[in-house]
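For reference, the structure is listed below as structure tokens.
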Amino acid sequence: MLREGVSSVSTTHTRKTGAGRRPAFDLFEGYAVSSILASFEMSGLLDGFEADGLGPELTGDRPPDAAALLRASLRYLAQRGIATEENGTFTLTAYGREVVADKGYLVWLVGGYGSSLRRVDGFLTGGQRYGVDHVRDGKWVAGGAALLGGKDVVPVAMELLGEIEFGRVLDLGCGNARLLAAICRRFGAGGVGIDNSPEACADARKLVEEAKLGGRIVITEADAGALGEIDAVAGTDLVVTFFLLHEILASGVDVLLDYLKQLAATLPAGAYVLTAEVEPAAPAPSGPELFTPEFTYVHALMRQILLPEGGWVQLFEQAGFTVRAVRRNDMPGGILLLAQTAG
């Protein structure tokens, strides 16, 4: 059965089997589709595409080149079964909605790490070095993580948080503050968000203002790895660290252990830490793995290592925390760990 909106000619051309199969074109198509959909999200077009579709009226106030490219992008997505066109308006097909449901992963990879992956040739030859000649796009790493986390991680996180009591939240590596705002709204808490990306902090402050949480949430541009410079640690009873600790781990297990020990020593008695991380890809998987091989690879590009569940539990316990719960979530390889300081 063909996907909705895909012609038999297109399908035959790109998905031959057996001796005539050319699998590189599957990757070719995936790269183009991912890039366009991520760009639609990053430029603010995807919400309208998901809701009512994109029609001719959207091209009216755009420069001619931009309008022409938008039309070409929509036509291409229709050719690939992502969209269908009727009377000049393009809407998502059922298949397109399945893809767009995971748009956060596309934004995270294309927007956050696309330019870094384009430089692998330089990193491989030693002509360039990540962190010196190039860094990822922090705004879209954060934006993509917020989107995918909101769908696959946050529901389980909210269940965990519903089992404890807290009033002040410190989000280390808050990104655009979607998670922090959601926690504060849900549980009536106040909070502080820390991030070292100026672009992410700007988006976070805008979100806090639009959510009318300015009296309860403060966003500070700072290094979440420098706990001694964050006064809010001593006054909080819940610290949230989503996908931050593996970045500190890049400097060594001993560095991360010292960081967690400092956190445990500075937090009030009985305070909680909720961390989200991703386990590394299996060294020899028995079947196809979703997401974790790519996640592991881009972090290897940044000279960062990942830990399995047992490694995280061991580090928290060595730092003086008691691990209260470890939960899986819908993010492939994703784990949530809830730890508590001595009461």
Side-chain angles (χ1 to χ4, degrees), residues 104 107-108 112 138-227 229-248 259-260 263 266-268 271-278 325 327 329 331 334-341:
V107 171
W108 178 86
K139 174 180 178 177
W140 292 113
V141 170
L147 286 170
L148 66 91
K151 174 178 179 287
D152 284 347
V153 183
V154 171
V156 179
M158 291 299 190
E159 290 177 8
L160 261 176
L161 293 178
E163 299 172 8
I164 64 175
E165 294 184 2
F166 59 92
R168 295 291 300 173
V169 185
L170 174 63
D171 189 345
L172 296 173
C174 68
N176 60 21
R178 286 192 186 192
L179 174 63
L180 177 59
I183 292 173
C184 289
R185 276 196 302 260
R186 175 82 168 265
F187 299 101
V192 175
I194 304 290
D195 204 285
N196 65 355
S197 166
E199 296 83 4
C201 286
D203 286 347
R205 292 187 182 104
K206 180 180 178 183
L207 182 146
V208 168
E209 181 181 351
E210 290 174 349
K212 296 181 170 45
L213 292 170
R216 288 161 54 188
I217 295 177
V218 175
I219 303 299
T220 301
E221 184 182 333
D223 181 3
L227 288 176
E229 301 175 12
I230 303 173
D231 294 336
V233 176
T236 192
D237 45 12
L238 170 65
V239 172
V240 176
T241 68
F242 273 31
F243 315 117
L244 167 75
L245 296 183
H246 65 257
E247 302 203 5
I248 299 172
Y259 181 87
L260 291 175
L263 186 60
T266 310
L267 284 169
Y272 292 93
V273 175
L274 178 64
T275 187
E277 286 294 341
V278 180
R327 301 273 175 89
N329 52 73
M331 182 181 191
I335 58 173
L336 282 161
L337 183 148
L338 181 68
Q340 188 178 22
T341 60

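Values in this document were obtained by computation on a predicted structure and should not be read as measured data. Atoms considered below: every heavy atom in the structure, side chains included; atoms not considered: hydrogens, waters and symmetry mates.
Between Ala276 and Leu336, the shortest heavy-atom contact is CB-CD2, 3.7 Å. Residues Leu274 and Ala157 come closest through the heavy atom pair CD2-CB, 4.0 Å. The two atoms that bring Gly149 and Pro155 nearest to each other are O-CD, 4.3 Å, heavy atoms only. The minimum heavy-atom distance linking Ala211 with Arg185 is given by the pair CB-NH1, 3.6 Å. Here the closest heavy-atom approach between residue Leu148 and residue Met331 is recorded as CD1-CE, 3.5 Å.
Residues that satisfy the salt bridge (charged side-chain N to carboxylate O under 4.0 Å, His left out) test with Asp237, not counting sequence neighbours, are absent from this structure.
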Validation: residues 189-196 side-chain donor-acceptor distances under 3.5 Å, sequence neighbours left out:
residue : atom : partner : partner atom : Å
Asp195  : OD1  : Ser197  : N            : 3.0
Asp195  : OD2  : Cys174  : N            : 3.4
Asp195  : OD2  : Gly175  : N            : 2.8

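Residues Val240 and Leu180 have side chains not in contact (no heavy-atom distance under 4.5 Å, counting atoms from C-beta outward). Using a 4.5 Å heavy-atom threshold, the side chains of Asp223 and Glu229 count as separate. Using a 4.5 Å heavy-atom cutoff, the side chains of Glu277 and Leu337 are not in contact. In this structure, Leu172 and Ile230 have side chains that are in contact, with non-hydrogen atoms separated by less than 4.5 Å. By the 4.5 Å heavy-atom criterion applied to side chains, Val273 and Leu267 are counted as neighbours. Thr236 is not listed as a side-chain neighbour of Tyr272, based on a closest heavy-atom distance of 4.5 Å or more. Side-chain contact check for Thr266 versus Leu227: every heavy-atom pair is 4.5 Å or farther apart.
Without hydrogens or angle criteria, Thr341 side chain to Ala271 main chain gives a donor-acceptor distance under 3.5 Å. One N or O on the side chain of Thr275 and one on the backbone of Thr241 form a donor-acceptor pair closer than 3.5 Å.
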Self-check item: Met158/Ile183 under side-chain contact (heavy atoms from CB on, under 4.5 Å): CA gap, chis, key distance, verdict
Solution: CA-CA 8 Å; Met158 291 299 190; Ile183 292 173; 4.0 Å; yes
